Amino acid sequence: MVDRAEGLLDQIAEQALDDDYYLVRPDPPSRGERLLTGVAAACFALMITVAAVQTQSDRPATERQQQALADDVQRRQETQAQRTKQVAELTSDVSRLTASADRTDPAMQALLARTGGAAVRGPGITVTLTPVADDGGQGDVDDADLREFTNALWFLGAEAISVNGRRLGTLSSIRTAGSAITVNYDSISPPYVIAAIGDRDAMDERLAASRLGKYWDARAERSGVGYDVRSVSDLRMDELADARLRVSHATVMEVAK
Amino acid sequence: MIPVIGLIVGVGLGLWFQPEVPESLRPYLPIAIIAALDAVVGALRALGERRFDDRVFVISFVSNVLIAAFMVFLGDQLGVGSQLSTGVVVVLGIRIFANAAAIRRRIFRA
């Protein structure tokens with residue numbers, strides 16, 4: 001057609017119609033060719049229809065997904081509200097029961113003594129462990145050793161235990177943090193003194209006869225680590241301040257303008 | 001007459017069967033439609049200028065669709081995603097508008 005188009009896009013616009021249409025063909029189109037045109041038109045319409053139908057049918061899928069998510073969120077929110085209500089109910093139950101509990105009841109007092117809820121005083125034994133090395137070996141004393149001893153003492157009949165003056169209750173922990181051992185999240189330093197109130201003669205005897213006692217006797221002999229069990233006639237232990245779980249909330253602070 | 005019947009038959013088939021387009025063919029459909037539209041608009045213009053030729057139309061229709069689909073495929077394989085399709089759409093769009101403008105000029109003399 002024309003060759004004066006300057007740019008590529010101009011050229012495209014100039015030759016928008018296929019050049020072949022400008023070739024003049026002498027013979028009229030055959031019946032087959034006209035039919036093919038119809039088929040091509042049918043294909044064209046079919047493609048558009050299919051694409052439109054597809055888009056239509058895809059839309060509900062995305063909507064369904066959204067709806068499912070929204071439902072899910074709502075369900076979880078309901079569950080959360082329900083649980084929050086349950087927590088409030090249980091909390092009020094606990095405070096009601098605590099208030100109604102008879103603190104003079106001997107069973108209650110025994111429980112309080114065992115769980116660290118009350119101060120106790122009485123005869124017992126102390127186990128003193130003194131590390132002589134800092135290498136984690138036989139001469140060192142770690143948190144696992146202290147846990148082993150406290151568990152053994154409970155088993156041997158202790159009614160109340162403290163480690164370096166820290167009373168053990170239901171939520172107490174003995175762990176290593178860094179290089180120090182912590183009891184109730186409080187660092188302690190050697191020598192480690194585990195005090196147990198209870199039948200001192202029985203505890204003393206059973207500990208000496210137990211595998212733990214024999215092991216520590218041998219270990220002290222071998223590595224020089226200090227292991228000393230004493231019977232004490234009068235031990236005192238304070239009650240544990242945080243004997244119970246507390247619920248803490250973040251609160252919004254009013255900021256003065 | 002035959003092309004109009006063809007269009008109606010095509011829409012009817014699409015609505016009647018509502019075929020599901022396979023996931024692997026979905027990217028090709030829009031570009032194929034644009035390419036086919038280019039051939040159809042070109043045919044309408046040629047019809048107005050009394051140059052319409054069934055054979056040219058059918059060949060340009062088929063080759064347009066195939067080449068457009070191939071460009072999309074190539075774009076995918078080269079990792080340029082839809083950029084090649086964009087090029088195809090730009091070129092075909094220019095052609096469609098140019099042909100549509102020619103038709104408009106012929107009908108409205110403007």
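Computed from a prediction, not measured in an experiment: that's the story for all the values here. Chain letters run A, B, ... following the sequence lines, proteins first, then strands; residues in each count from 1.
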Can you confirm whether [X] is buried at [atom1], in the sense that more than 12 heavy atoms of other residues, nucleotides or ligands lie under 6.0 Å from that atom?
X: A/Arg34; atom1: CZ; value: no
X: A/Tyr215; atom1: OH; value: yes
X: A/Gln80; atom1: CD; value: no

Discussion item. With chain A as the partner, which of B/Leu13, B/Val9, B/Leu37 has the greatest number of non-hydrogen pairs under 4.5 Å?
Written reply: B/Leu37
Response to the item:
Most contact-rich option vs chain A, by heavy-atom pairs under 4.5 angstrom, among B/Val41, B/Val62, B/Ile8, B/Val58, is B/Val58
Gap separating the [atom1] atom of [X] from the [atom2] atom of [Y], nearest 0.5 angstrom:
X: B/Glu49; Y: A/Tyr22; atom1: CD; atom2: OH; value: 5.0 Å
X: A/Leu46; Y: B/Leu7; atom1: CG; atom2: CG; value: 11.0 Å
X: B/Ile5; Y: A/Thr37; atom1: CD1; atom2: OG1; value: 12.5 Å
X: B/Asp53; Y: A/Glu33; atom1: CG; atom2: CD; value: 6.5 Å
X: A/Met47; Y: B/Ile34; atom1: CE; atom2: CD1; value: 10.0 Å

Discussion item. Does any part of the side chain of B/Asn99, heavy atoms only, come nearer than 4.5 Å to the side chain of A/Leu17, both counted from C-beta?
Written reply: yes
Worksheet entry | Any residue of residues 18-27 of chain B which, by heavy atoms, sits under 4.5 Å from chain A | B/Gln18, B/Pro19, B/Glu20, B/Val21, B/Arg26
Worksheet item: How about residues 89-97 of chain B versus chain A: which residues have heavy atoms under 4.5 Å apart?
Response: B/Val91, B/Ile94, B/Arg95
Any idea which heavy atoms bring [X] and [Y] closest together, and the distance?
X: B/Ala98; Y: A/Ala16; answer: CB-CB, 3.5 Å
X: A/Phe44; Y: B/Ala36; answer: CD1-CB, 3.4 Å
X: B/Pro3; Y: A/Ala41; answer: O-CB, 3.5 Å
X: A/Ala40; Y: B/Phe61; answer: O-CZ, 3.3 Å
X: B/Ile33; Y: A/Ala51; answer: CD1-CB, 3.6 Å

Practice prompt. Against chain A, label B/Ala43 side chain, backbone, both or neither, depending on which of its atoms sit under 4.5 Å from a heavy atom there.
Written response: both
Worksheet item: What part of B/Leu29 is in contact with chain A, defined as an atom under 4.5 angstrom from a non-hydrogen atom: side chain, backbone, both or neither?
Response: side chain
Worksheet, complete the sentence: Under 4.5 Å to a heavy atom of chain B? For A/Thr49 that would be side chain
Worksheet item: Given a strict heavy-atom distance threshold of 4.5 Å, which part of A/Val53 is in contact with chain B: side chain, backbone, both, or neither?
Response: side chain
